[in-house]
Amino acid sequence: MEGLALYRYWFVFVYGCYLYFNKGIAYTYLTEITWAVGILLFLRHFKSLKIAWGKVLGVLLFLLLVNFIQMLRGAAAFSLLDVVRDSFIFNYGCFIFIVFLFWNERHQLLAQITELYRYFPIILATTYLIRTLFPDIMQWELVGDIPFLLYKNGDMAVHLLIAVMLILTGKLTWENPRVAIFNYILLFYLFLIAATYNRGGTLAFLVTLSFFVYRSRRTEWFDKIKTYFKYIPLVIALALPLYLSTKIKVEDKEYGRQIGLSQLRDNIVSIVAKDAAKSNAGLEGNVTWRLLWWGNIIDYTFAGPYFWQGKGLGVNLSVDDDIKVEGEELRSPHNFSMTILARYGVPIFFVWLLFLFFVFQPLLKKKLPANQLLLGCALAAIFINASFDVSLEGPMMAFPFWSLMGIYLMEQAEDASNSQAENPQAESIS
């Protein structure tokens, strides 16, 4: 089992790489290497593994089977490389099974991942400081044509949420109060940057955090949550000057977004007010092409020739759907569910919705253990962000999403096992 212990450390290392460096290491293929080795280890230890069988895994296995059939279909008409790349829409889901390798060490795994978030605020804030002081550093590329310090703002908002939830539940703490306040300031500073540039991530953060706090009102840590309110004025007062002094090259230049209170206001208000988006040509244009593309996908699937099988894997959706976005070559319509609808058709789209229902249904239970609430909210935030961006199609967020889902299922299974031990008549969680 020494090999599994080494693999767990590698697993956490890869999670940390994407947490700290995100898009800058997108083409290192760390996730794909981890995926391949994990599958080999899973097959080797399959007979001795404990697996949280149930509705979620049952539906996922069906989706993986359909995905394999679609790969065969796509390989006959398109580049094998493009087909394989597109197939990871669902193939990344194998990380759920890979995480079962760590069933007996799941608490250590979760603790190790939690520890990574201890350094997240300082590392991310430092990268933005470096980008401000040395703007030419954004020309440095480690792998591929992507700047090493480039971080997707929607992904950052999701990781910020996870860090905040870990703090609120008392899982992430700093012994020195000054160090703690310093990290709170950095977290708020990073949120301001994310909210300036990305509405999907901002929505994921605000909606999920609100739900998390609401569900926490009868927990033992809720009194701790209330104590954090006293830090809000100080955190805002110190984070705002840092935010306003940050000058970075804008990732999406065609939308003309710049750091500043007016842009921050427009971005946040436009989430709930259409007029705010209309007052900003960049924001409105960003919404328009997405809605046009999503409408086009719905038209040729629900009411068109691709109802049953979708367009398949390998086809470049933006080219085939005649969607032109300045400066971008997109294979995804910035919505993970719409990607599934376009590539797999209406029946599989509804199977995907059923999968989501089984995943998130436990969040509505009256009593929910802390780890399940935290992990479920993390998954919800990732999915919300992926509904407005190319996120789960790539390794930076697919790796955390499917891995955390595996831990989430193990927590559910363990809770069901404990409940059944206390009450043999109780029905186990499926």
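Here, residue 1 is the first one in the sequence, and each next residue gets the next number. For clarity, every value in this text was computed on a predicted model and none was experimentally measured.
The aromatic ring centroids of Tyr189 and Tyr243 lie 6.0 Å or more from each other. Aromatic rings from Phe191 and Phe205 are positioned such that their centres are separated by under 6.0 Å. Taking the six-membered ring for Trp, Trp10 and Phe13 have ring centres closer than 6.0 Å. Ring to ring, Tyr92 and Phe401 are not that close: their centroids are 6.0 angstrom or more apart. Residues His334 and Trp289 bring their aromatic ring centres within 6.0 Å. For an aromatic pair to be called close, the ring centres must be under 6.0 Å apart, and Phe148 with Phe21 satisfies this. The distance between the ring centers of Phe100 and Phe42 does not fall below 6.0 angstrom.
Here Asp155 does not pair with Lys23 in a salt bridge; the nearest charged N to carboxylate O distance is not below 4.0 Å.
Smallest separation of non-hydrogen atoms from Leu101 and Tyr7: CD1-CE2, 4.2 Å. Closest heavy-atom contact between Ile225 and Ser216: CD1-CB, 3.9 Å. Residues Tyr151 and Tyr20 share a closest heavy-atom pair of CE1-O, 3.7 Å. Shortest non-hydrogen contact noted between Met165 and Ala378 is CE-N, 3.8 Å. Of all heavy-atom pairs between Pro333 and Trp294, the closest is O-NE1, 2.6 Å.
Relative to the six-membered ring of Tyr214, Arg217 meets both conditions, a distance below 6.0 Å and an angle of at most 45° to the axis. Cation-pi contact between Lys152 and Tyr197: absent, since separation from the ring centre below 6.0 Å together with deviation from the ring axis within 45° is not met.
Among the candidates Val207, Leu206, Val213, the single residue satisfying the side-chain contact (heavy atoms from CB on, under 4.5 Å) test with Leu209 is Val213. Under the ring-ring contact (aromatic ring centres under 6.0 Å, His included) test applied with Phe11, the options Trp35, Phe399, Tyr18 reduce to a single match, Phe399. A ring-ring contact (aromatic ring centres under 6.0 Å, His included) with Trp352 is found for exactly one of Phe62, Tyr344, Phe358, Phe336, namely Phe336.
One finds the CG atom of Asn22 at 11.5 Å from the CG atom of Leu149 (value rounded to the nearest 0.5 Å). Asn335 contributes atom CG, which lies 9.5 Å from atom CZ of Arg290 (distance to the nearest 0.5 angstrom). For the atom pair OG of Ser79 and CG of Leu313, the computed distance is 12.0 Å after rounding to the nearest 0.5 Å.
With contacts defined as side-chain heavy-atom distances shorter than 4.5 Å, the pair Thr301/Lys311 does not qualify. You'll find the side chain of Trp103 stays beyond 4.5 Å of the side chain of Leu49, heavy atoms only. Side-chain contact check for Leu242 versus Leu192: every heavy-atom pair is 4.5 Å or farther apart. Between Ile384 and Phe388, the closest side-chain pair of non-hydrogen atoms falls below 4.5 Å. Residues Ile340 and Leu63 have side chains not in contact (no heavy-atom distance under 4.5 Å, counting atoms from C-beta outward).
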Leu142/Tyr27 under side-chain contact (heavy atoms from CB on, under 4.5 Å): CA gap, chis, key distance, verdict: CA-CA 9 Å; Leu142 180 65; Tyr27 291 105; over 6 Å; no
Is there a ring pair (Phe, Tyr, Trp, His ring centres under 6.0 Å) between Tyr228 and Tyr184? Walk through the geometry before answering. CA-CA 10 Å; Tyr228 287 108; Tyr184 303 155; 5.7 Å; yes
Applying side-chain hydrogen bond (donor to acceptor under 3.5 Å, both in side chains), run through Asp321 and Trp293 and close with a yes or a no. CA-CA 8 Å; Asp321 293 353; Trp293 197 352; 2.7 Å; yes
Checking Leu341 against Phe302 for the side-chain contact (heavy atoms from CB on, under 4.5 Å) test, could you report, in this order, the C-alpha distance in whole Å, the side-chain angles of both residues, the deciding distance, and whether it holds? CA-CA 9 Å; Leu341 176 60; Phe302 278 91; 3.8 Å; yes
Decide yes or no on side-chain hydrogen bond (donor to acceptor under 3.5 Å, both in side chains) for Lys50 and Asn104, but give the supporting numbers first. CA-CA 9 Å; Lys50 186 176 180 181; Asn104 294 329; over 6 Å; no
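One side chain, Ser332 or Thr339, offers a donor N or O that lies under 3.5 Å from an acceptor on the other. Neither side chain, Arg8 nor Gln108, offers a donor N or O lying under 3.5 Å from an acceptor on the other. Asn91 and Asn67 share a donor-acceptor pair across their side chains, judged by distance under 3.5 Å alone. Judged by distance alone, the side chains of Gln70 and Ser87 never bring a donor and an acceptor atom under 3.5 Å apart. Counting only N and O atoms by type, the side chains of Asn385 and Ser387 include no donor and acceptor under 3.5 Å apart.
Environment of OH in Tyr29: sparse, with no more than 12 heavy atoms of neighbouring residues, nucleotides or ligands closer than 6.0 Å.
Note: Phe383 and Phe360 have tilted aromatic rings, judged against thresholds of 30 and 60 degrees for the angle between ring planes.
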